[in-house]
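To keep things clear, I will list the structure first and then write my remarks on it.
In each ligand, atom 1 is the first atom listed, and ligand 1 is the first ligand listed. Bear in mind the structure is a predicted one, so any value in this text is a computation, not a measurement.
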Amino acid sequence: MSAACNFDGCTVGETGTCALERDPATCEHRVGNAASATAIDPANKGEPSDPTALSAIGAPVLERSTGTSAFPSSRTLGPDAISKMMASRYVTVIGILGDPESGKTACLASLYLMISNAELAGWMFADSKSLMAFEDIARGAREWDAGNPPEQMTVHTELSDDRRPGFLHMRLVRDSDGRRVDLALPDLPGEWTTELVGTSRADRFEFLKAAEVIWVVLDGRALENKERRQGVISRVGQLAGRLGTLLGGELPKLLLVITHRDAGEPSAAVTTRLEAELAKRGVTATVVPVAPFSDNDEQVKPGFGLNNLITASTTSGLPPVKFWPPSDPAEGARSYIGYRRDR
Ligand SMILES: Nc1nc2c(ncn2[C@@H]2O[C@H](COP(=O)(O)OP(=O)(O)OP(=O)(O)O)[C@@H](O)[C@H]2O)c(=O)[nH]1
Ligand SMILES: [Mg+2]
């Protein structure tokens with residue numbers, strides 16, 4: 001018997017011929033031939049007697065690997081992925097609200113185009129876990145030749161799951177001090193804001209509780225239009241009221257992002273009225289005029305104001321705190337005894 005055959009007296013190893021005068025390729029005593037011998041047994045010919053052997057025909061020859069793929073998906077991230085990221089590093093979550101067509105997606109697409117071309121003053125690109133999602137929203141703006149810009153740089157935002165926000169992620173480095181900031185930016189349909197104001201549907205906005213900054217994006221042309229202006233301003237007030245209820249009165253930093261700066265600067269009268277409307281609810285906000293795209297390149301470059309928007313979103317409104325303020329001892333103050341007595 002040899003290692004290749006279980007027949008005692010096998011001669012294939014020495015002579016190359018089978019002691020039982022069989023073909024070594026098909027002899028059922030040869031190790032490894034048992035299954036095939038059954039499969040091609042003339043007695044069994046045409047009879048699918050072994051269903052397991054037959055079911056293996058056409059099955060994948062390699063097993064699917066159980067590890068994660070080398071390149072994880074880089075489309076929008078769900079709230080769970082953002083929470084996971086927040087557990088390992090400091091992430092600035094930004095709430096982005098605004099009516100349909102106000103310019104929310106345009107701000108994100110333009111921000112991506114600016115930073116990817118190293119055009120965002122004061123900031124450098126470091127990483128993104130959602131590059132494909134940025135590419136998707138910026139595609140419209142990419143595919144145009146200078147003479148013929150498309151009518152719409154971005155398209156109306158629709159989500160595959162209308163109850164879960166999808167976030168875009170971007171890590172930036174500040175030129176002045178090398179500080180890294182991770183931004184989580186949701187691209188939401190304007191209807192979410194309309195329904196929050198109109199019917200106070202707030203279940204989809206739970207993530208705002210983790211937001212450090214909220215951008216309320218407003219169409220600058222609507223604000224400069226006498227007929228539409230008052231409507232927009234009142235709705236900003238109502239939105240602030242809804243946010244107050246949702247967040248238990250404590251609003252994070254609020255930025256009024258006024259788009260279409262290329263059509264003109266927001267007038268002082270408009271910003272004063274916006275601030276007054278918010279003041280009725282005890283809310284303050286900073287106005288940031290931007291032009292993600294521009295129909296007037298000569299006067300206002302596309303991407304205008306986006307660096308200010310990022311700077312305002314990443315700096316605290318609180319005055320800087322001195323980590324270790326100097327306190328020179330006063331003669332005869334008996335500070336130590338005084339300290340114990342205060343306790
Ligand atoms: N010229 C110019 N066009 C702008 C500006 N901001 C936005 N747009 C255009 O306005 C249109 C609507 O902008 P979007 O960013 O898609 O609007 P949105 O708020 O995301 O709208 P929804 O997804 O429907 O909620 C797009 O065609 C943009 O290219 C701007 O500052 N200047
Ligand atoms: Mg959009």
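Not a single N or O atom of Ala291, backbone or side chain, sits closer than 3.5 Å to an N or O atom of ligand 1. Geometrically, ligand 1 and Asp262 share a nitrogen or oxygen pair separated by less than 3.5 Å. On a distance-only criterion, Thr105 and ligand 1 share at least one N/O pair closer than 3.5 Å. Ligand 1 has no N or O atom lying under 3.5 Å from any N or O atom of Thr259, backbone or side chain. At least one N/O-N/O distance between Phe293 and ligand 1 falls below 3.5 Å. Ligand 1 has a nitrogen or oxygen under 3.5 angstrom from a nitrogen or oxygen of Gly103. In terms of polar-atom proximity, Gly190 is counted as a contact of ligand 1, with an N or O under 3.5 Å from an N or O of the ligand.
Excluding waters, the protein N/O/S atoms found under 2.8 Å from the Mg ion (ligand 2) are Thr105 OG1, Thr157 OG1.
A salt bridge links Arg221 and Asp219; the closest N-O separation between the charged side-chain nitrogens and carboxylate oxygens is under 4.0 Å. By the 4.0 Å N-to-carboxylate-O rule, Asp136 lies close enough to Arg75 to be salt-bridged with it. Between Arg235 and Asp99, at least one side-chain nitrogen of the basic residue sits less than 4.0 Å from a carboxylate oxygen of the acidic one, meeting the salt-bridge criterion.
Checking Thr105 against Thr157 by side-chain atom types alone, a donor-acceptor pair falls below 3.5 Å. No side-chain donor from either of Ser234 and Gln238 sits under 3.5 Å from a side-chain acceptor of the other.
The closest non-hydrogen atom to atom 9 (C) of ligand 1, taken over Glu101, Arg221, His156, His260, comes from His260.
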Side-chain polar contacts of residues 115-122 - donor-acceptor pairs under 3.5 angstrom, sequence neighbours left out - could you list them?
residue, atom, partner, partner atom, Å
Ser116, OG, Tyr112, O, 2.7
Ser116, OG, Leu113, O, 3.2
Asn117, ND2, Leu113, O, 2.7

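For Arg171, the side-chain hydrogen bond (donor to acceptor under 3.5 Å, both in side chains) criterion is met by Asp182, not counting sequence neighbours. Every salt bridge (charged side-chain N to carboxylate O under 4.0 Å, His left out) that Lys280 has, sequence neighbours left out, goes to Glu277.
Between Asp99 and ligand 1 there is a heavy-atom distance shorter than 4.0 Å. Under a 4.0 angstrom heavy-atom cut-off, Ser102 registers as being in contact with ligand 1.
Contact of the Leu196 side chain with the Leu239 side chain is registered, since non-hydrogen atoms from C-beta on lie closer than 4.5 Å.
Contact annotation for Thr157 and ligand 1: heavy atoms of both the backbone and the side chain come within less than 4.0 Å of the ligand.
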